[in-house]
Amino acid sequence: ALPISNMVIGFGSVAVLGRLLTPDHFGLVAIATSLMVPVSALCDHGMPLALIQRKSPTLSETNAMFWLQCSLGFLAAVVGAALAYPLGAWLDRPELFWILMAFSGNLALAGLGATHLALIRRDLRFRTHAGIGVLANLCAVLVGILAAWSGLGYWSLVLMGVANNAFTTGAAWICSGWLPNAPQRVEGIRDMVRMGLFLNGTALVSSMTRVVDRVLIGLTLSDAAAGYYANAHRLILQPSMQVNKPLTTVAVPVLSRLQHDECAFRKYYRRGAEVIVLALFPCFIVAFFGAEYIVPLVLGSQWDEAIPIFQAMCPGALMTCTRVLTGWVYVPLGRTDRQFRWRIFASIVAVGSFVVGIQWGVYGLAVAYSIQSLAIRIPAVMYCISGTFVRGSDVLSATARPVAATVGGVVAGFLILPHITMPDSSILALIMVTSTLGLVYLGTFAATPGGITRLKSLRHTVGLLRKQPDETPSTA
């Protein structure tokens, strides 16, 4: 229920703010956010994740990681503030200065609560963690809507981020039940720090890659173009964000505890990954074939130019739901050094594709995003599982049936939908598209070997994902 609540809040915020603000407002904040993303990667929660992966961290180690994370958050805030004026001057947008200053202060605030959130996850208090996220998002959206309604323009989007972090940090301190002591030197945390630094390095490289497309738009096109691109990207990623993030929040601590139990780890990995791709693949099929109804319905008619961009991003967004195939291996098994090396290679590929794609404008950039995402996915998974006890058969077991069902849905979209007369109402038309493609998807999945059995066991599988590690059967 909590992930669904987050999804509703996410779509609702896009729908309401898309009508209260202009594409220029979204574009300006999107550019500012992109500029700040590499700076935020300096404190991108690598240390808390290392704390979660640790088998039995002591109170002294936890305290040391807290102060290290706070220091990284403060460092990121100082760097962001120092870059605010030069970046605004470089892009010839003076209004970026105060936006970047606000974002910089937000980084220090996030660093204060990151360790407490990690402790809640490590204790497997997933409902508490999810509840904090839902309430923080709701609080942030209300602040943003009130600010936009009051005529604050792009500042409403800035205030949303600040409100989210403020609520999250305060709630995490209250709910974790842990208070830090004064900083002191602690021996034996080198492995955790090394792992955390690799995670931060991976986040830094990833974030710099995500900046490139926005900066290219900002340098060569307009704020409105950046707004169309940013909101199309944000909208298409909503399903995977609202499913991947909560399940990964659950899975990483559980798999970290199972890292020495090969059979239990592989079973949890297979079942969990299959649930995610089974649930998310049809969302992107519907998104592609129903884009002409989804974008105006959610964002409003002034966003019609985002429809082809939204469609072009669908294949690439489809690949985001398969990130669990690698993320659920790298962190729990402590292989973040390999994750960092792969991210460097993948980022080079992505940046090259963006530079080529921008020659054809925003649409070309969206197409480039999808092509490079599809091209590197299989090599990414193969590199990730190499040298581990996770096998290719585990990956195929999780993805083969959903992939077959996706092919069936895409074929139906091209062959069946053109012959169906759609009603004038966008809502009714979207319902018809969703029901048609959904039935074909489920039918194709059921027709695969073992598909009906998998569908019948889906409820049990979801229950398995919620179990404590010592409750999880270790049978392969």
Side-chain angles (χ1 to χ4, degrees), residues 3 5-37 40 99 103 133 136-138 140-141 143-145 148 153-154 156-161 163-164 206-207 209-218 221 223-246 280 283-284 286-288 290-291 293-300 302-321 323 354 362-363 365-367 369-370 373:
S5 300
N6 254 337
M7 187 177 297
V8 171
I9 293 170
F11 278 115
S13 66
V14 173
V16 176
L17 291 172
R19 287 162 170 81
L20 293 174
L21 303 174
T22 68
D24 286 342
H25 290 148
F26 281 96
L28 180 64
V29 175
I31 292 171
T33 302
S34 299
L35 293 173
M36 190 54 61
V37 164
S40 67
I99 298 176
F103 282 168
N137 285 336
L138 181 59
V141 168
V143 169
I145 291 174
Y154 58 80
S156 58
L157 300 174
V158 177
L159 292 174
M160 276 181 63
N164 191 304
S206 298
S207 60
T209 306
R210 290 197 299 271
V211 165
V212 172
D213 52 355
R214 269 70 163 185
V215 171
L216 285 173
I217 295 174
L221 302 173
D223 286 352
Y228 290 129
Y229 185 89
N231 255 5
H233 193 250
R234 180 183 177 189
L235 186 59
I236 192 61
L237 290 184
Q238 279 296 318
S240 58
M241 286 173 60
Q242 303 306 333
V243 174
N244 271 5
K245 186 175 180 179
L280 288 178
C283 295
F284 296 107
V286 171
F288 182 83
Y293 311 115
I294 294 173
V295 173
L297 189 63
V298 177
L299 297 176
Q302 76 265 33
W303 293 88
D304 284 350
E305 290 187 43
I307 293 175
I309 302 170
F310 181 84
Q311 284 184 307
M313 288 181 172
C314 284
L318 183 73
M319 293 296 99
T320 61
C321 32
R323 288 177 182 173
F354 293 156
V362 180
Y363 181 77
L365 198 60
V367 171
Y369 162 77
S370 287
S373 296

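In this chain, residues are counted from 1 in sequence order.
Closest approach of Tyr293 to Leu297, counting heavy atoms only: O-CB, 3.0 Å. Between His25 and Leu157, the closest heavy-atom pair is O-CD1, 4.0 Å. Considering every non-hydrogen atom in both Val362 and Ala225, the closest pair reads CG2-CB, 3.7 Å. Across every non-hydrogen atom of Ile309 and Tyr363, the tightest pair is N-CD1, 4.4 Å. Ala232 and Ala306 make their closest contact through CB-O, 4.1 Å (heavy atoms, listed as atom of the first residue, atom of the second, distance).
With a 4.5 Å cut-off on side-chain heavy atoms, Phe103 and Val158 count as touching. Looking only at side-chain heavy atoms (C-beta outward), Met160 and Val143 stay at 4.5 Å or farther from each other. In this structure, the side chains of Pro296 and Ile307 come closer than 4.5 Å at one or more pairs of heavy atoms.
Note that OH of Tyr228 is 12.5 Å distant from CD1 of Ile217, once rounded to the nearest 0.5 Å. Rounded to the nearest 0.5 angstrom, Ile99 CD1 and Thr33 OG1 are separated by 8.5 Å. Atoms CG and OG, on Leu35 and Ser40 in that order, are 11.5 Å from each other to the nearest 0.5 Å. Note that CG of Leu17 and CZ of Phe26 are 5.0 Å apart. Values are rounded to the nearest 0.5 Å. With rounding to the nearest 0.5 Å, the separation of CG in Asn164 from CG in Leu159 is 12.5 Å.
The side chain to side chain donor-acceptor pair (under 3.5 Å) pairs that include a residue from residues 304-317 number zero, where partners must be two or more places apart or lie in different chains.
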| Leu235/Ile294 under side-chain contact (heavy atoms from CB on, under 4.5 Å): CA gap, chis, key distance, verdict | CA-CA 9 Å; Leu235 186 59; Ile294 294 173; 4.3 Å; yes
| field | Steps toward side-chain contact (heavy atoms from CB on, under 4.5 Å) verdict (Ser156, Ile145) | value | CA-CA 7 Å; Ser156 58; Ile145 291 174; over 6 Å; no
| said: side-chain contact (heavy atoms from CB on, under 4.5 Å) for Val367 and Ser370? Distances and angles first, verdict last. | reply: CA-CA 5 Å; Val367 171; Ser370 287; 5.9 Å; no
| field | Phe354 and Leu365: CA distance, side-chain angles, deciding distance, side-chain contact (heavy atoms from CB on, under 4.5 Å) verdict | value | CA-CA 6 Å; Phe354 293 156; Leu365 198 60; 3.8 Å; yes
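With sequence neighbours excluded, the residues forming a side-chain hydrogen bond (donor to acceptor under 3.5 Å, both in side chains) with Arg234 are Ser13, listed by chain and number. Take Tyr229 and apply the ring-ring contact (aromatic ring centres under 6.0 Å, His included) test, not counting sequence neighbours, and it matches no residue. With sequence neighbours left out, the ring-ring contact (aromatic ring centres under 6.0 Å, His included) criterion links Phe310 to no other residue. For the ring-ring contact (aromatic ring centres under 6.0 Å, His included) test, residues two or more places apart in sequence or in another chain that qualify with His233 are Tyr369. Phe284 is linked by a ring-ring contact (aromatic ring centres under 6.0 Å, His included) to nothing, counting only residues two or more places apart in sequence or in another chain.
Without hydrogens or angle criteria, Asn137 side chain to Gly133 main chain gives a donor-acceptor distance under 3.5 Å.
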